[in-house]
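Before any comments, here is the structure.
No experiment lies behind these values; they were computed from the predicted model shown.
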Amino acid sequence: LMRAQGDSYDELVRSAYPTPGEFDDHLRQLAAAEQEINRAIVEETEAGKSLGADLQLEAEQVAACRRKVLERVFEPAG
């Protein structure tokens, strides 16, 4: 988004990712990276097992928020 043109977050996203599919691909890559970080946390920390459920819930909530952003940014004008 740093190289994108626009005066709002939505404009920046549409500039950087011209289609909903491109933005969705980016969000999926981001989620995959976050999942790997969460996996490492669970494996490498003493509290990891108890954190696992919390991290999964957080990931689900973030995914729902990102879906809403995608829908808002690319909603048809009208």
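E34 pairs with exactly one of R28, R66, R39 by the salt bridge (Lys or Arg N to Asp or Glu O under 4.0 Å) rule, that one being R66.
Of the inter-residue distances, the one linking E75 atom CD with R72 atom CZ reads 8.5 Å to the nearest 0.5 angstrom. Atoms CD and CG, from E60 and L55 in turn, are 11.5 Å apart once rounded to the nearest 0.5 Å. If you take CD on Q29 and CG on D25, they are separated by 6.5 Å, rounding to the nearest 0.5 Å. How far CZ of R67 is from CG of L27: 7.5 Å, rounded to the nearest 0.5 Å.
Taking all atoms of both residues into account, the shortest heavy-atom contact from E22 to Y17 is O-CD2, 3.9 Å. In terms of heavy-atom proximity, L12 sits nearest to L1 at O-CD2, 3.5 Å. When all heavy atoms are compared, the tightest approach of F74 to R14 is CE2-CG, 3.8 Å.
Within a 6.0 Å radius of CD in Q5, no more than 12 heavy atoms belonging to other residues, nucleotides or ligands are found. Sparse packing is recorded around CD of Q35, with 12 or fewer heavy atoms of other residues, nucleotides or ligands lying under 6.0 Å away.
Taking hydrophobic clusters as Ile, Leu, Val, Met, Phe, Trp and Tyr residues chained together by side-chain heavy-atom distances below 4.5 Å, L51 shares a cluster with I37.
Judged by distance alone, the side chain of S15 and the main-chain N or O of E11 form no donor-acceptor pair under 3.5 Å.
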